[in-house]
There are 2 protein chains.
Amino acid sequence: MLSSNGLRVTPQRLSIYEYLLSTRSHPTADEIYQALRSRFPMMSQATVYKTLELLVELGLVCELGFGDEPNRYDGNPKAHINIRCTRCHRIYDLEEPELDRLARTVQERSGFRLSGQRHEFYGVCPDCQRQR
Amino acid sequence: MLSSNGLRVTPQRLSIYEYLLSTRSHPTADEIYQALRSRFPMMSQATVYKTLELLVELGLVCELGFGDEPNRYDGNPKAHINIRCTRCHRIYDLEEPELDRLARTVQERSGFRLSGQRHEFYGVCPDCQRQR
DNA sequence: TTGTATGCAAATTGTTTGCATACCC
DNA sequence: GGGTATGCAAACAATTTGCATACAA
């Protein structure tokens, strides 16, 4: 995907993308940086940010912005629902086959040329409900 | 709503909330500040931010975070879909009655105590498609 | 060999905070 | 009158940028 766009395939880019594919935790840029630090001691935060921007532009990764907390990144390319706990900040994925149909309706009704979607429910997860 | 929570009703709070109810443009904090400036020359940005945080906590207003651009605020309390143009940054609302049913399903399947939801499609709006 | 990607550090942007004064209740 | 909300300015945090060097093609 990189080389077919005339971009270079570097260890940093590969490792960041592989890390996103390997986890379901929707990490922040800093969490990715910390996680890859041991394997690539030289890697800088700037490279993580630049690479993430690139992956988002290529449509391989989805950027999740929240009001306060730092951005998170999602390597799951399929349309799905994010459920976010406002206490522990964890995010769970939920598959929902209806979303494809919804996208078609939205496209027709709005006239937009759609390039992505994002669905989020938030509240308190079962774990945190129990804890008090 | 404010007074019933022991909070004070001030001109600033009222005007910010009224402004959000009066517009469909999903303004940023700064846009709200600029818009109210003429009527309240003394109002500060800090007050806008503090008030918005308060309104979000009260559940009257929804905070929309994006990856890069500044946060936007939505006074529409009903579950709906946002369609965002990645070229001109405008956001349109779309009603979708299915969302209520979806929320119920999500609540059951996840065990979360839900407090809100957000749905976003993005792409290029009809206007911007024409322009090139 | 050529030029793009990296790493570092400084700059930038949106947002938050601390504190003295104003003003709602 | 008591105490919270405001306005101002400084502080903060996440992200971006500029530039010299490293390295993929």
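Residue numbering restarts at 1 for every chain, and letters A, B, ... go by the order of the sequence lines. Since the structure is predicted, the reported quantities are computational estimates derived from the model, not experimental observations.
- When the P atom of D:dA14 is taken as reference, atom CG of A:Leu64 falls 17 Å away, rounded to whole Å.
- Nucleotide C:dT17 holds its P atom 16 Å from the CD atom of B:Gln45, rounded to whole Å.
- Salt-bridge formation is detected for the pair A:Arg84/A:Glu69: a Lys NZ or Arg NE/NH1/NH2 atom is positioned less than 4.0 Å from an Asp or Glu carboxylate oxygen.
- In this structure, of D:dA5, C:dT15, C:dT6, it is D:dA5 that holds the atom nearest to the side chain of B:Arg13.
- Residue contacts for B:Glu53: at a heavy-atom cut-off of 4.0 Å it reaches no nucleic acid atom on any strand shown.
- For A:Pro70, whose side chain is taken as the heavy atoms from C-beta onward, the closest listed nucleotide among C:dT15, D:dA14, D:dG7 is D:dA14.
- Taking five base pairs at each end of the helix from C:dT1-D:dA25 to C:dC25-D:dG1, the local helix axes there meet at an angle of 50°, rounded to 10°.
- Side-chain atoms of A:Tyr17 and A:Arg13 form no donor-acceptor pair, as typed in the model, at a separation below 3.5 Å.
- Proximity note for A:Arg8 (side chain, C-beta onward) versus D:dT6, C:dC25, D:dC23: the nearest is D:dC23.
- Each of A:Gln131, A:Gln129, A:Arg130 was compared with A:Asp127 under the side chain to side chain donor-acceptor pair (under 3.5 Å) criterion, and only A:Arg130 meets it.
- Checking the phosphate oxygens (OP1, OP2) of D:dG7, a side-chain nitrogen or oxygen of B:Thr47 falls inside 4.0 Å.
- Checking the phosphate oxygens (OP1, OP2) of D:dG7, a side-chain nitrogen or oxygen of B:Gln12 falls inside 4.0 Å.
- Whole-Å rounding puts the B:Leu54 CG to C:dT16 P distance at 13 Å.
- Regarding A:Asn5, its CG atom lies at a distance of 16 Å from the C1' atom of C:dA5, rounded to whole Å.
- Map B:Gly6 and B:Gly67 each onto its nearest nucleotide of DNA chain D; the residue landing nearer the 5' end is B:Gly6.
- Separating the CE atom of B:Met42 from the C1' atom of C:dA22 is a distance of 10 Å, rounded to the nearest angstrom.
- The B:Thr10 side chain lies nearest to D:dT6 when the options are D:dA9, C:dC8, D:dT6.
- Nucleic acid contact class of A:Asn71 (heavy atoms, under 4.0 Å, all strands): sugar-phosphate only.
- Rounded to whole Å, atom C1' of C:dG14 lies 12 Å from atom CD of B:Glu63.
- Taking only side-chain atoms of A:Lys50, from C-beta outward, the nucleotide of D:dG18, D:dC8, D:dA25 with the closest atom is D:dG18.
- Looking at A:Arg72, its side chain does come within 3.5 Å of a backbone N or O of A:His26 through a donor-acceptor pair.
- Separating the CD atom of B:Glu31 from the C1' atom of C:dT15 is a distance of 16 Å, rounded to the nearest angstrom.
- Taking atom OH of residue A:Tyr33 and atom P of nucleotide D:dA14, one finds them 14 Å apart after rounding to whole Å.
- No cation-pi contact links A:Arg113 to B:Phe121, judged by a cut-off of 6.0 Å to the six-membered ring centre and 45° from its axis.
- OP1 or OP2 of D:dT16 has not a single side-chain nitrogen or oxygen of A:Tyr49 nearer than 4.0 Å.
- Between A:Asp30 and B:Pro41, the residue anchored closer to the 5' end of DNA chain D is B:Pro41, taking for each the nucleotide with the nearest heavy atom.
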Got a list of side-chain donor-acceptor pairs under 3.5 Å for residues 45-64 of chain A, not counting sequence neighbours?
unit_1	atom_1	unit_2	atom_2	d
A:Thr47	OG1	A:Ser44	OG	3.2
A:Thr51	OG1	A:Thr47	O	2.7
A:Glu63	OE2	A:Tyr73	OH	3.0

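- Of the two residues near DNA chain C, B:Arg72 and B:Ser3, the one whose nearest nucleotide lies more 5' is B:Arg72.
- There is no path of hydrophobic side-chain contacts, each under 4.5 Å, that joins B:Val124 to B:Tyr92.
- Looking at the side chain of B:Pro11, the nearest of the listed nucleotides C:dC24, D:dA5, D:dG7 is C:dC24.
- Note that A:Arg87 lies outside the cation-pi zone of B:Phe112, set by a 6.0 Å cut-off to the ring centre and a 45° limit from the axis.
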